Amino acid sequence: MARSTQRPVVKLKSTAGTGVTYVTRKNCLNDPDRLVLRKYDPVAGEHVLFREER
C-alpha cells in the first residue's frame with residue numbers, strides 16, 4: 001500500500017551564478033534542515049552547490 005504523506009516541493013538555485021534551477025521533492029530520509037545540495041549544472045559543466053530558496 002502506498003504512503004499518503006505529502007512531500008514538499010523544494011526549489012534549488014545554483015550558487016555558480018548561471019541561473020540554473022531545479023525543482024525537487026524533498027526526500028523524507030534526508031535532513032529536513034539541509035539547505036545545500038550538490039547537483040550537476042549543465043551551464044557550468046560541473047557539479048556545483050545548489051541552495052534552497054525558501
Side-chain angles (χ1 to χ4, degrees):
M1 204 158 47
R3 279 192 248 166
S4 63
T5 56
Q6 288 286 337
R7 290 185 177 179
V9 174
V10 175
K11 189 171 182 184
L12 302 170
K13 184 165 182 158
S14 176
T15 58
T18 57
V20 175
T21 57
Y22 281 96
V23 175
T24 61
R25 294 194 178 276
K26 182 164 276 206
N27 192 343
C28 296
L29 299 175
N30 286 344
D31 181 7
D33 292 324
R34 174 184 252 182
L35 295 172
V36 178
L37 288 171
R38 190 171 166 82
K39 292 176 97 46
Y40 183 75
D41 188 337
V43 178
E46 61 185 359
H47 282 81
V48 296
L49 294 177
F50 276 73
R51 188 168 292 280
E52 279 186 20
E53 290 184 344
R54 290 192 172 190

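Everything numeric in this text was worked out from a predicted model, so none of it was measured.
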Worksheet item: What pairs with Thr18 under side chain to side chain contact (heavy atoms under 4.5 Å, CB included), at least two apart in sequence or on another chain?
Response: Ser14, Ala16, Val20, Asp41, Val43, Ala44
Discussion item. Applying a strict under-4.5 Å side-chain criterion to I, L, V, M, F, W and Y, I'd like to know whether Phe50 and Leu35 cluster together.
Written reply: no
Fill in: Shortest non-hydrogen contact between Glu53 and Lys13, atoms and distance
OE2-CD, 3.0 Å
Fill in: side chain to side chain contact (heavy atoms under 4.5 Å, CB included) involving Thr24 - partner list, sequence neighbours excluded
Val10, Leu12, Tyr22, Lys39
